[in-house]
Colleague: 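Submitted below is the structure of interest, expressed as structure tokens.
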Amino acid sequence: MHAISLLCATLLTLAAAPALAGPLAYVPNEKSASVSVIDTATDQRLRDLPLGERPRGIAAGGGLLYLTDGKTGQLLVVEAASGRLLRSIAVGASPEGVSLSPDGRWLAVAVEDDNSVVLLTAPEGQVVARIKVDGKNPEHAVFSPDGRWLLVSAEEAEQVDVIEVAARRQVASLPVGKRPRGIGFLPDGSRAYVASEVAGKVYAIDVARHQVVAEIVAGQFPNGIAVQPDGRRVFVSNGRDPSVMAIDVASNRVIATIEVGKRPWNMAITPDGRKLYVANGRSGTVSVIDTASLRKTGDIVVGELPWGVAIP
């Protein structure tokens, strides 16, 4: 009887315990100078972390958040659990996108005003190189899955610049449409996808050959890119429609268009590939898309002018 009572008590305790949270999504809000924290299991906004003066680019890993501050020209290193600012590193005027290498050793920050990518150690944030690129006003610098390459997009360009990380220099430029923005790699690193805003297209790049192999017509002003972990689909946000399109990787064809909030921008997908989170800059919301049904399941109110989403 005693064993049965203990079992019943244990079951009651488990039933009363709150459900475990899913992976957390972090949303930098440029205008409200904060980062909204979302539980992806419940799609509830848990809290807002006051950080920086104009937080924009964000990367997450190893229990840390890395944020660029467009107003102060700094990279902020933040403890994710507490929201505590650990250190600030000067990187240059108007930094935007930040990328964490797959092995967690390196950070790359696109710095608009001096047309460069700053390479830093992670998590210390020690600057090891400032690499000049041809494109003017670089917005994103994204590591390939093997960490060998950085692809760099720039607002005032018609090419994607390629940096060889070990050599610390640009080694190629790949012609794409005007104003390239978001970049995403397939998990095996064989291909990268780049959204070109003014051209209204997504360009598929053969990474090994440094060659564009496909052009996919998107919506109006495509900018953000997110890739499913299984590599079967690529998602692109269209800032003027406003919508997100799903691209089938095997055929390079658009298979669905999903309406979201105003000016959808940068996005992130959960590690299991089931949910896509889209920052809607003009709506002050994050749209949630079910990637199986390719339907929007809800909108989450965040801060003002959300720039993007990071999910460790």
Colleague: Tell me which donor-acceptor pairs under 3.5 Å the side chains of residues 76-84 have, and how far apart each pair is, sequence neighbours excluded?
Modeller:
unit_1 : atom_1 : unit_2 : atom_2 : d
E79    : OE1    : S82    : OG     : 2.4
S82    : OG     : R84    : N      : 3.1

Colleague: Taking all non-hydrogen atoms of both residues, which atom of V249 and which atom of G231 are closest, and how far apart?
Modeller: CG2-O, 3.4 Å
Colleague: To the nearest 0.5 Å, what is the distance between CD1 on I38 and CG on L46?
Modeller: 8.5 Å
Colleague: Using the side-chain hydrogen bond (donor to acceptor under 3.5 Å, both in side chains) criterion, which residues pair with R54? Sequence neighbours excluded.
Modeller: E30
Colleague: Using a 4.5 Å cut-off on heavy atoms from C-beta on, say whether the side chain of R87 contacts that of P123.
Modeller: yes
Colleague: Distance-only, no hydrogens or angles: does the S99 side chain make a donor-acceptor pair with backbone N or O of V142 under 3.5 Å?
Modeller: no
Colleague: Show every donor-acceptor pair shorter than 3.5 Å between a side-chain atom in residues 152-160 and any protein atom, with sequence neighbours excluded, or say none if there are none.
Modeller:
unit_1 : atom_1 : unit_2 : atom_2 : d
S153   : OG     : R181   : O      : 2.6
E156   : OE2    : N137   : ND2    : 2.6
Q159   : NE2    : D161   : OD1    : 3.3

Colleague: Which distance, rounded to the nearest 0.5 Å, do you find between the CD1 of I269 and the CG of L276?
Modeller: 5.5 Å
Colleague: Let me confirm one number: the OG-CZ distance from S283 to R263, rounded to the nearest 0.5 Å.
Modeller: 10.0 Å
Colleague: Only pairs at least two apart or in different chains count here, so list each ring-ring contact (aromatic ring centres under 6.0 Å, His included) that has a residue in residues 48-69.
Modeller: none
Colleague: Is there a path of hydrophobic side-chain contacts, each under 4.5 Å between heavy atoms, that joins V212 and V171?
Modeller: yes
Colleague: With sequence neighbours excluded, give me every salt bridge (charged side-chain N to carboxylate O under 4.0 Å, His left out) pair touching residues 227-254.
Modeller: none
Colleague: Nearest 0.5 Å, please: how far is CG in L107 from OG1 in T121?
Modeller: 7.5 Å
Colleague: Pairs in or reaching into residues 180-228: which pass ring-ring contact (aromatic ring centres under 6.0 Å, His included), with residues at least two apart or in two chains?
Modeller: W149-H210
Colleague: Restricting to non-hydrogen atoms, name the atom on P180 and the atom on V176 that form the minimum distance, rounded to 0.1 Å.
Modeller: CB-CG2, 4.0 Å
Colleague: Could you give all pairs that pass the salt bridge (charged side-chain N to carboxylate O under 4.0 Å, His left out) test and reach residues 102-116, with sequence neighbours left out?
Modeller: R56-E112, D114-R130
Colleague: So which atom in N223 and which in V236 form the shortest heavy-atom distance, rounded to 0.1 Å?
Modeller: N-CG2, 4.4 Å
Colleague: Taking salt bridge (charged side-chain N to carboxylate O under 4.0 Å, His left out) as the cut-off, I'd like each qualifying pair that reaches into residues 276-298, sequence neighbours left out, listed once.
Modeller: K296-D299
Colleague: If every non-hydrogen atom of G303 is compared with every non-hydrogen atom of S36, which pair is closest and at what distance?
Modeller: N-OG, 3.6 Å
Colleague: If you measure from CG on L67 to CG on L51, what distance do you get to the nearest 0.5 Å?
Modeller: 6.0 Å
Colleague: Mark yes when over 12 heavy atoms from residues, nucleotides or ligands other than K132 sit less than 6.0 Å from its NZ; otherwise mark no.
Modeller: yes
Colleague: Could you pull out all residues at least two apart from R179 that satisfy side-chain hydrogen bond (donor to acceptor under 3.5 Å, both in side chains)?
Modeller: E197
Colleague: I'd like to know if the side chain of T40 reaches the main chain of G22, judged simply by a donor and an acceptor atom lying under 3.5 Å from each other, with no hydrogens or angles considered.
Modeller: no
Colleague: For residues 210-225, which residue pairs pass the salt bridge (charged side-chain N to carboxylate O under 4.0 Å, His left out) check, not counting sequence neighbours?
Modeller: K201-E215
Colleague: Do L174 and I183 land in one hydrophobic cluster if side-chain heavy atoms of ILVMFWY residues count as linked below 4.5 Å?
Modeller: yes
Colleague: Under the ring-ring contact (aromatic ring centres under 6.0 Å, His included) rule, what pairs show up with a residue in residues 263-301, not counting sequence neighbours?
Modeller: W265-W307
Colleague: Test of understanding: with salt bridge (charged side-chain N to carboxylate O under 4.0 Å, His left out), list the residues that count as partners of E53, not counting sequence neighbours.
Modeller: K71
Colleague: Given N280, which partner from the list T285, I300, V286 fulfils the side-chain contact (heavy atoms from CB on, under 4.5 Å) test?
Modeller: T285
Colleague: Give the cluster check for L75 versus L64: same hydrophobic cluster or not, with ILVMFWY residues linked at side-chain heavy-atom distances below 4.5 Å.
Modeller: yes
Colleague: Supply the atom-to-atom distance I163 CD1 to L151 CG, rounded to the nearest 0.5 angstrom.
Modeller: 9.0 Å
